[in-house]
2 protein chains.
Amino acid sequence: MEGEQCKSLLQWLGGTSLFAGMDDAYLQDLCGIAMVVSYRRRATIFTAGDPGYGFYLVKEGRVKVYMISADGKEQILHILGPGEPFGEAPVFAGRSFPAHAAALEDCRLVFLPRDAFVDLVTRNPSLALNLLAVLSQRLRQFARMVDSLSLKEVPGRLAAHLLLLSRRQANGDELELELSKTQLASLLGTIPETLSRILRKLQKAGYIRIEGAKITIVDRQRLAELAEIGKF
Amino acid sequence: MEGEQCKSLLQWLGGTSLFAGMDDAYLQDLCGIAMVVSYRRRATIFTAGDPGYGFYLVKEGRVKVYMISADGKEQILHILGPGEPFGEAPVFAGRSFPAHAAALEDCRLVFLPRDAFVDLVTRNPSLALNLLAVLSQRLRQFARMVDSLSLKEVPGRLAAHLLLLSRRQANGDELELELSKTQLASLLGTIPETLSRILRKLQKAGYIRIEGAKITIVDRQRLAELAEIGKF
DNA sequence: CAGCCGGGTTGACTTAAGTCAAAGATTGAC
DNA sequence: GTCAATCTTTGACTTAAGTCAACCCGGCTG
């Protein structure tokens, strides 16, 4: 890893929330241990139980982290986009990946090997704090997810997801699903058939309008109530 | 906080996995900012949305962290016992508690205020690493929980819980439920009626034997399969 | 001692959501 | 451009688990 290439990697790393605010000297070290790797759409990045020799940062593309049941059904835990880290759990505890990861699109990842990274963390308080923030944030997400899976019905989970998207996309009431409906079903803890029926039901009931992957929120108020109470 | 009292607190803190391996000098500082607080059984410790000015460490007793749905159903996220920390999320991200916490029994907690603690973390790499390990561990637990809620039926979740207990208690095939059946139902994401029926069904099918809160594992092999495949 | 209250159990019923199967619709590859 | 593979929708059916209501039981309280 040399000259220009390394320099741009350094800048990119410095721009991620994980490494924000770190001294260039440290980023330099980081570049020394980082490896850029590519995966094709659908390729498996790691599998639950694999020993984790390091973790990843998404540079381009998107990645799903998921669990698989004995009979092959999948539950997506996270979708990661550019700048987001994943696979950190075995770096600090447990030594092996608790879940599977695969590329949703062709993607380019930065791999940070465990030992060198831990070393860097111990010498760099702000990196440690950033990491703690990332993990804490993820714990929150999980708490919401458990809440949602256990206390809300599918329409409620869907409503919550749509509202979340609309906050992220900030295109008024129009929004673009970022996942195929099959993947969205897996993220919401259900199956495509059920998702399909519920989208239709919400449309009939005047909450949303559907045109392929474009959804228009018709009645934000009621959608928010649905997300809140969790029952249709 | 003076003399003897403080010294024993220091020793106790040094014995928790969170502060294991920290220099006495730092533990000294820690004692300076720590406050011991007591809660009665059923008392609320914090509520989702409360600003988090610090986090807690269980000294004696047990605590539940949980979510509540709009119609009052509860889902327990964690049960914490002596030595375990909780409520750390807002220390590093988000500023407010994502869930509720209440005392399951009369208990004594150590409260560590945010700012002083963050300060300590930045100056103490091993503390930062311990914390990262704790949070990573918790992320694993959550992943298992989501997996379980979404991909397994109640009998499967129950089987997994019983096996977990039996590994922790190490009393051969006999084990003691550590929660009331109502609480256990809430931890497994179901309701007491359903749990009751399923316990009975598992007994009828020869997986376990039930005597009040004492459960004996009769067929560990099949129980493990049930936990694995998730379906009865 | 009576009465009450919380926890646990049981039964009858309802329902959300999963299964299975088949038919469109899209996408991609050759 | 066409054929295959994958995604999506729809319908008919099944089922796990929730709701509601009643009852039981052990422990406290007054």
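A note on names: the letters A, B, ... follow the listed sequences, proteins ahead of strands, and every chain is numbered from 1.
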Please state how far atom [atom1] in [X] lies from atom [atom2] in [N], giving the value in whole angstrom units.
X        : N      : atom1 : atom2 : answer
B/Glu153 : C/dG18 : CD    : C1'   : 10 Å
A/Lys73  : C/dC20 : NZ    : P     : 11 Å
B/Leu149 : D/dG18 : CG    : P     : 11 Å
B/Gln203 : C/dT10 : CD    : P     : 10 Å
B/Leu202 : C/dT9  : CG    : P     : 13 Å
A/Gln183 : C/dT26 : CD    : C1'   : 16 Å
B/Leu226 : D/dA16 : CG    : C1'   : 14 Å
A/Leu195 : D/dT9  : CG    : P     : 8 Å

Ignoring the backbone of [X], work out which of [options] is nearest its side chain.
X        : options               : value
B/Ile198 : D/dA17, C/dA17, C/dT9 : D/dA17
B/Arg200 : C/dG7, C/dT10, D/dT10 : C/dT10
B/Lys181 : D/dT8, C/dT9, C/dT19  : C/dT9
A/Thr194 : D/dA21, C/dG18, C/dG8 : C/dG18
A/Glu193 : D/dA17, D/dT9, D/dT19 : D/dT9

- If only atom types and distance count, is the side chain of B/Arg114 paired as donor or acceptor with the main-chain N or O of B/Val91 below 3.5 Å? yes
- Can you name the one residue among B/Ile79, B/Leu80, B/Leu77, B/Ile45 that meets side chain to side chain contact (heavy atoms under 4.5 Å, CB included) with B/Lys64?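 Of the listed options, the one satisfying the test is B/Ile79.
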- Task: Determine whether the side chains of A/Gln141 and A/Gln137 contain a donor N or O and an acceptor N or O closer than 3.5 Å.
- Result: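 Note: A/Gln141 and A/Gln137 side chains miss the donor-acceptor criterion.
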- Message: Hydrogens and angles aside, do A/Arg220 and A/Ser166 bring a side-chain donor and acceptor to less than 3.5 Å of each other?
- Response: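 Their side chains do contain a donor-acceptor pair, which is all the 3.5 Å distance test asks for.
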- Item | Base D/dT19 paired with B/Arg197 side chain (donor-acceptor, <3.5 Å) |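 Indeed there is one.
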- Are A/Thr190 and C/dG18 close enough that a side-chain N or O sits under 4.0 Å from OP1 or OP2?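 Yes, such a contact exists.
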- Query: If only side-chain N and O atoms of A/Thr182 are considered, is one of them under 4.0 Å from the OP1 or OP2 phosphate oxygen of D/dT8?
  - Reply: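 For D/dT8, OP1/OP2 do have a side-chain N/O of A/Thr182 under 4.0 Å.
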- Test applied, salt bridge (Lys or Arg N to Asp or Glu O under 4.0 Å); reference residue, A/Glu105; option that passes from A/Arg62, A/Arg40, A/Arg41: A/Arg62
- Earlier contact from the 5' end, DNA chain C, for A/Val154 and B/Arg42: B/Arg42
